[in-house]
Amino acid sequence: LAREFGFCYGVDRAVDYAYETRLKFPDRQLYLVGEIIHNPHVNDKLRTSGIRFLDDAGESPDSLGPEDVVILPAFGVMYLMGFSLNVVTLLSLSLVVGILVDDAIVEIENIMRHLRMGKTPLQAALEAADEIGLAVIATTFTLIAVFLPTAFMSGVPGKFFVQFGWTAAIAVFFSLVVARMLTPMMAAYILRPPREAHHEPRWMAVYIGWADWCLKHRIKTTIAAMVFFFGSFALVPLLPTGFLPPDDLSQTQVYISLPP
């Protein structure tokens, strides 16, 4: 792989080989995957030769890895409750698949903030997880309170949504368990302090300005929120209702009544 695709793994043994390969094949981009290099001579060699060093890829497995750990226990509970993989349960899982990694992403972002303060990965994981824990728990149980009531609907709709509500609530609950236990542990061993200074995006300044205005004008912000809240309920009677949405069958039916 190293000779065919220009990829090298490791640091100490790969730097010299990568440097020589780069000189032989200047049109080929080389990558080194491993720990951060602290040797100034090696850093200068890599910088002058144009070899890119990848060591910030630890956030992806830390945020996406727990998703599999969430799905497996969710399948186990579904089996114990007599559920199956059908259109309803798959629809439920497809809706919450983004929520499953949301808790882990929140944890990782807070851990990265502590890493930028110069803390060790273990210290950053402990303090960040303790700092954000209550917010993650509140967010997760809010989502459970949204999905779970659909499992207790009565009548014919309840027969359809009983598996939908339970599947979504179970998956979201296990995402909380993984985010509070597995994600900080993985972050303590996988994440590394960032090498470059963190630059806030341009839209962050706009958002901070809006948030600052809302905090300075709390009464106006509260009134606007209440108007939107009650206004949304006022629009409910204007929406059509029904068990199933109207379907276009691309057919036209004509009824003619003739005299006998």
Side-chain angles (χ1 to χ4, degrees), residues 57-112 114 121-122 124-191 229 232-233 236 239-247:
E59 297 183 41
S60 297
D62 201 9
S63 58
L64 300 179
E67 186 169 352
D68 299 332
V69 184
V70 172
I71 292 295
L72 291 178
F75 283 167
V77 177
M78 289 171 57
Y79 174 78
L80 295 177
M81 298 184 68
F83 297 165
S84 62
L85 285 178
N86 49 61
V87 176
V88 176
T89 55
L90 290 177
L91 174 63
S92 176
L93 292 175
S94 65
L95 289 177
V96 302
V97 65
I99 302 174
L100 299 184
V101 299
D102 179 67
D103 294 338
I105 292 175
V106 172
E107 294 268 2
I108 294 172
E109 287 299 321
N110 200 38
I111 294 173
M112 291 300 299
H114 282 265
L122 179 59
L126 291 175
E127 296 183 6
D130 182 67
E131 183 179 79
I132 205 71
L134 184 60
V136 173
I137 294 174
T139 303
T140 302
F141 278 98
T142 301
L143 294 172
I144 293 177
V146 171
F147 286 109
L148 190 57
T150 60
F152 300 96
M153 297 174 62
S154 59
V156 177
K159 299 298 182 180
F160 283 91
F161 286 97
V162 60
Q163 296 191 21
F164 176 89
W166 277 111
T167 301
I170 292 169
V172 171
F173 174 76
F174 279 111
S175 72
L176 170 64
V177 176
V178 171
R180 297 299 300 141
M181 296 183 179
L182 182 61
T183 300
M185 184 272 294
M186 294 178 61
Y189 289 95
I190 295 178
L191 296 184
F229 179 76
S232 61
F233 283 100
V236 171
L239 298 176
T241 58
F243 176 61
L244 293 175
D247 190 13

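Below, all heavy atoms of this structure are taken into account, side chains as well, without hydrogens, waters or symmetry copies.
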If I take atom [atom1] from residue [X] and atom [atom2] from residue [Y], how far apart are they, to the nearest 0.5 angstrom?
| X | Y | atom1 | atom2 | value |
| --- | --- | --- | --- | --- |
| I111 | L126 | CD1 | CG | 9.0 Å |
| I71 | I170 | CD1 | CD1 | 11.5 Å |
| R180 | S175 | CZ | OG | 12.0 Å |
| T167 | M78 | OG1 | CE | 4.0 Å |
| T183 | N110 | OG1 | CG | 12.5 Å |
| I105 | M112 | CD1 | CE | 13.5 Å |

So, S94 side chain and L90 main chain: donor-acceptor pair closer than 3.5 Å or not?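 It does hold such a pair.
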Centroid separation under 6.0 Å, is that true for the rings of F233 and F229?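 Yes - the distance between ring centres of F229 and F233 falls below the 6.0 Å cut-off.
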What is the minimum heavy-atom distance between [X] and [Y], and which atoms define it?
| X | Y | result |
| --- | --- | --- |
| A171 | V96 | CB-CG2, 4.1 Å |
| P121 | A188 | CB-O, 3.4 Å |
| M153 | T150 | CG-O, 3.4 Å |

Should we count [atom1] of [X] as having more than 12 external heavy atoms under 6.0 Å?
| X | atom1 | answer |
| --- | --- | --- |
| F161 | CZ | no |
| M81 | CE | yes |
| F164 | CZ | yes |

Taking the side chain as everything from C-beta on, heavy atoms only, tell me whether [X] gets closer than 4.5 Å to [Y].
| X | Y | value |
| --- | --- | --- |
| L182 | M185 | yes |
| V88 | F83 | no |
| P184 | E107 | yes |
| F75 | L93 | yes |
| W166 | F152 | yes |

